[in-house]
Amino acid sequence: MAGRGLPEGFVRGLREALGARVLDRPSDLDRYAADALGVGAPPDLVVTPDRTEEISTVARLCHEHRVPLVVRGAGTGYTGGAVPTQGGVVLAMERMNRILEIDEVNLLAVVEPNVINGDLQRAVEAVGLFYPPDPASLDSSSIGGNVAECAGGPRAFKYGTTKRYVLALEAVLPGGEVIHTGSKAVKNVVGYDLTQLLVGSEGTLAIITRITLRLIPKPPARATIAGSFPGVQEAVDAVTALLYERVVPAAIELIDKDSLRAAEQYAGTRVAEGDALLLIECDGTPTAVEEEVVRVKRACTVAGALDVRRSTGDADNDNLWAIRRQVSLALRATGLHKINHDVVVPRGRIPKLFDVVDELRRDFGLRIACFGHAGDGNIHVNLMIRPDDEDERARATRAERVLFERVVALEGSISGEHGIGFAKKAYLSLELDSAQIELLKRVKAAFDPHGILNPGKIF
Ligand SMILES: Cc1cc2nc3c(=O)[nH]c(=O)nc-3n(C[C@H](O)[C@H](O)[C@H](O)COP(=O)(O)OP(=O)(O)OC[C@H]3O[C@@H](n4cnc5c(N)ncnc54)[C@H](O)[C@@H]3O)c2cc1C
């Protein structure tokens, strides 16, 4: 019987509250057994609530019966965050996917958590507004998941990550209480900032049920520049030259040789002759964009670009950015297993990060593909291993520890946007000292005294 091991009174309570929206068939449970990390086991039950009151009831029952409760957005996370580690209930937010309000005067939107990022972007752009956070998963990941991971994307260089846009939250605590943090006003300094505490909390403190987001006016013009370079070193030099040009493009994305060739093959099109590609997006008023384009081209040329071209229009723009967004999928399509690390260093130290990657290739004999947000110093370092090669996997495990140690020594972070989940928790103490970890645990206990919410994550 599915749901086995769960207290009878608990399961009865769930069914009374949610009826047929309590799922227990093995085929249903299997759909919730993994996220994009691809590792995990099914829950005992899945519930698909469609309003806050139901979520409150589920949380209260789990709290009373000490049953693990794991919130799931769209399941695109890379660190196992939405996957149960101790069985229990998955709270699938898929029915809570409505845009409730777009307020053109106060420049904000109110959404349920499982609105897909790209759907919100299109809805606000239709009225001349703009929601900048643009993870490469924007057409599949949810705003709730983006908030819980503090997702970033190419545009974070100029516009910041998700946290800059979260004004207010409605959330359910593990005991079932509903709290409202922040407000629709742009300023609010009353009490501790619980809104920002919940941003990036990876489903371990509370269940986010409604999100108020700040919007900005949509920039009227944009242009994409594609710079093709002989290698990563020249592309990285161009990023430094750009910073000295004092331009702040909306995005600066770097794709190295292995990633580029995989993406081109996946898309069936050739976009650059060189072994590294920089994609740079400028946006703003038409005059400002034209000025920026001149400086961007100059920085790329000075750094040794083989070719610098401006996109020829919207279709070409979209094509170039589709290549970037598909890199991750393309690397997976190579048939190799991709172990993705979204490390981040202060942007002036990107050359040193690439030195570390070369060292890992040499010392561990691994194939490593890199791409990512060069403007933020947030580079995805992908260890590409043959799925059945145990020796290669063992070398990759040793290499990842060295990578994290080096990144921390460069005053960077082991995760810029994917979070810790269970995939990286063994490395938490490389970056945080024991006093900080103890404090985080006390915060967790204050929200969730019985440790039912997403157990086995972060710590
Ligand atoms: C191809 C690909 C490209 C990607 N590119 C990027 C990128 O550019 N930038 C980036 O930041 N990430 C990227 N990601 C990772 C992923 O898309 C993000 O982490 C995203 O924010 C996860 O959203 P989700 O809805 O899929 O959340 P899930 O995977 O379902 O959940 C992620 C975490 O959030 C928690 N959670 C979800 N909803 C709620 C809620 N309502 N309340 C409380 N907790 C909740 C879960 O418990 C879990 O811990 C990429 C992933 C893929 C597969």
Side-chain angles (χ1 to χ4, degrees), residues 36-38 76 78 134-138 152-154 156-157 224-239 251-281 300 303 305-307 318-345 347 350-351 353-361 364 366-387 392 396 399-400 403 407 415-418:
L37 181 67
T76 68
Y78 267 135
D134 60 339
S137 55
L138 65 88
F157 180 54
T224 295
I225 313 292
S228 165
F229 294 85
V232 159
Q233 186 57 54
E234 291 83 357
V236 170
D237 289 346
V239 174
I252 310 177
E253 293 288 298
L254 169 68
I255 310 179
D256 81 352
K257 181 180 166 189
D258 281 357
S259 311
L260 183 58
R261 298 286 101 86
E264 288 174 334
Q265 193 168 2
Y266 189 76
T269 170
R270 186 86 172 176
V271 291
E273 289 312 315
D275 283 347
L277 178 73
L278 271 191
L279 281 183
I280 301 155
E281 183 167 278
C300 291
L306 300 171
D307 179 50
D318 293 346
N319 186 32
L320 285 170
W321 285 103
I323 291 278
R324 161 62 189 91
R325 274 197 278 275
Q326 287 169 359
V327 171
S328 197
L329 298 175
L331 284 173
R332 282 204 219 170
T334 59
L336 294 173
H337 180 64
K338 174 167 91 69
I339 307 174
N340 176 355
H341 296 304
D342 70 317
V343 296
V344 57
V345 294
R347 56 176 79 93
I350 296 178
L353 176 60
F354 278 99
D355 290 345
V356 171
V357 170
D358 280 340
E359 186 188 318
L360 298 179
R361 285 190 180 112
F364 295 95
L366 291 169
R367 192 173 150 188
I368 304 180
C370 298
F371 66 90
H373 318 306
D376 303 330
N378 186 194
I379 303 292
H380 297 275
V381 176
N382 299 281
L383 312 182
M384 307 294 296
I385 63 170
R386 287 176 287 261
E392 199 161 50
E400 87 182 10
L403 172 67
V407 160
S415 177
E417 48 190 30
H418 295 163

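Position 1 is the first residue of the sequence; numbering continues from there.
- Looking at Thr76 and Pro135, their side chains never come closer than 4.5 Å, going by heavy atoms from C-beta outward.
- The CD1 atom of Ile225 lies 12.0 Å from the CD1 atom of Ile252; values are rounded to the nearest 0.5 Å.
- Put simply, the side chain of Asp134 never gets that close to the backbone of Gly152: no donor and acceptor are under 3.5 Å apart.
- Scanning both residues, Ala262 and Thr334, for their nearest heavy atoms gives CB-CG2, 4.1 Å.
- Here the CG-NE2 distance, from Leu403 to His341, works out to 6.5 Å after rounding to the nearest 0.5 Å.
- Judged by distance alone, the side chain of Asp307 and the main-chain N or O of Ala272 form no donor-acceptor pair under 3.5 Å.
- Residues Cys370 and Phe354 share a closest heavy-atom pair of CB-CE2, 3.8 Å.
- Between Leu278 and Ala238, the closest heavy-atom pair is CD1-CB, 3.8 Å.
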(Q) Let's go through Arg386 and Leu336 carefully: what are the C-alpha distance in whole Å and the side-chain angles of both, what is the deciding distance for side-chain contact (heavy atoms from CB on, under 4.5 Å) to 0.1 Å, and is it a yes or a no? (A) CA-CA 5 Å; Arg386 287 176 287 261; Leu336 294 173; 3.8 Å; yes
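- Residues passing the salt bridge (charged side-chain N to carboxylate O under 4.0 Å, His left out) test with Glu264, sequence neighbours excluded: Arg261, Arg270.
- The CD1 atom of Ile339 sits 9.5 Å away from the CG atom of Leu37 when rounded to the nearest 0.5 Å.
- To the nearest 0.5 Å, atom CD1 of residue Ile255 and atom OG of residue Ser228 are 11.0 Å apart.
- Qualifying ring-ring contact (aromatic ring centres under 6.0 Å, His included) partners for His373, counting only residues two or more places apart in sequence or in other chains: His380.
- Listed by chain and number, the residues in a ring-ring contact (aromatic ring centres under 6.0 Å, His included) with Tyr78 are His418 (sequence neighbours excluded).
- Exactly one of Val357, Leu353, Asn378 qualifies for a side-chain contact (heavy atoms from CB on, under 4.5 Å) with Val343. That residue is Leu353.
- Note on Arg361 versus Asp258: no salt bridge recorded, every NZ/NE/NH1/NH2 to OD/OE distance being 4.0 Å or above.
- Between Glu400 and the choices Val381, Leu366, Leu383, the side-chain contact (heavy atoms from CB on, under 4.5 Å) rule is met once, by Leu383.
- Taking the salt bridge (charged side-chain N to carboxylate O under 4.0 Å, His left out) definition, one finds that Asp355 meets it with nothing, sequence neighbours left out.
- Residues meeting the salt bridge (charged side-chain N to carboxylate O under 4.0 Å, His left out) test with Asp376, sequence neighbours left out: none.
- Contact between Tyr266 and Ala330 at its shortest, heavy atoms only, is CB-CB, 3.5 Å.
- Side-chain N or O atoms of Glu234 include one that pairs as donor or acceptor with a backbone N or O of Gly231 at under 3.5 Å.
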Tabulate below the donor-acceptor pairs under 3.5 Å that side-chain atoms of residues 319-327 make, not counting sequence neighbours, or state none.
| from | atom 1 | to | atom 2 | distance (Å) |
| --- | --- | --- | --- | --- |
| Trp321 | NE1 | Thr224 | OG1 | 2.9 |
| Trp321 | NE1 | Glu281 | OE1 | 3.4 |
| Arg324 | NE | Glu253 | OE1 | 2.5 |
| Arg324 | NH2 | Glu253 | OE1 | 3.1 |

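- Lys338 NZ to Asn382 CG: the interatomic distance, rounded to the nearest 0.5 Å, is 4.5 Å.
- Heavy-atom neighbours of Gln265 CD from other residues, nucleotides or ligands within 6.0 Å: at or below the threshold of 12.
- Shown are Leu277, Leu331, Ile379; of these, the side-chain contact (heavy atoms from CB on, under 4.5 Å) with Phe371 is made only by Leu331.
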Q: Tell me, with the steps shown, if Leu254 and Val239 meet side-chain contact (heavy atoms from CB on, under 4.5 Å).
A: CA-CA 9 Å; Leu254 169 68; Val239 174; 6.0 Å; no
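- Without hydrogens or angle criteria, Asp275 side chain to Lys257 main chain gives no donor-acceptor distance under 3.5 Å.
- Remark: the backbone N or O of Ala303 is not paired with any side-chain donor or acceptor of Asp237 at under 3.5 angstrom.
- Atom-to-atom distance recorded for Leu260:CG and Phe229:CZ is 12.5 Å, nearest 0.5 angstrom.
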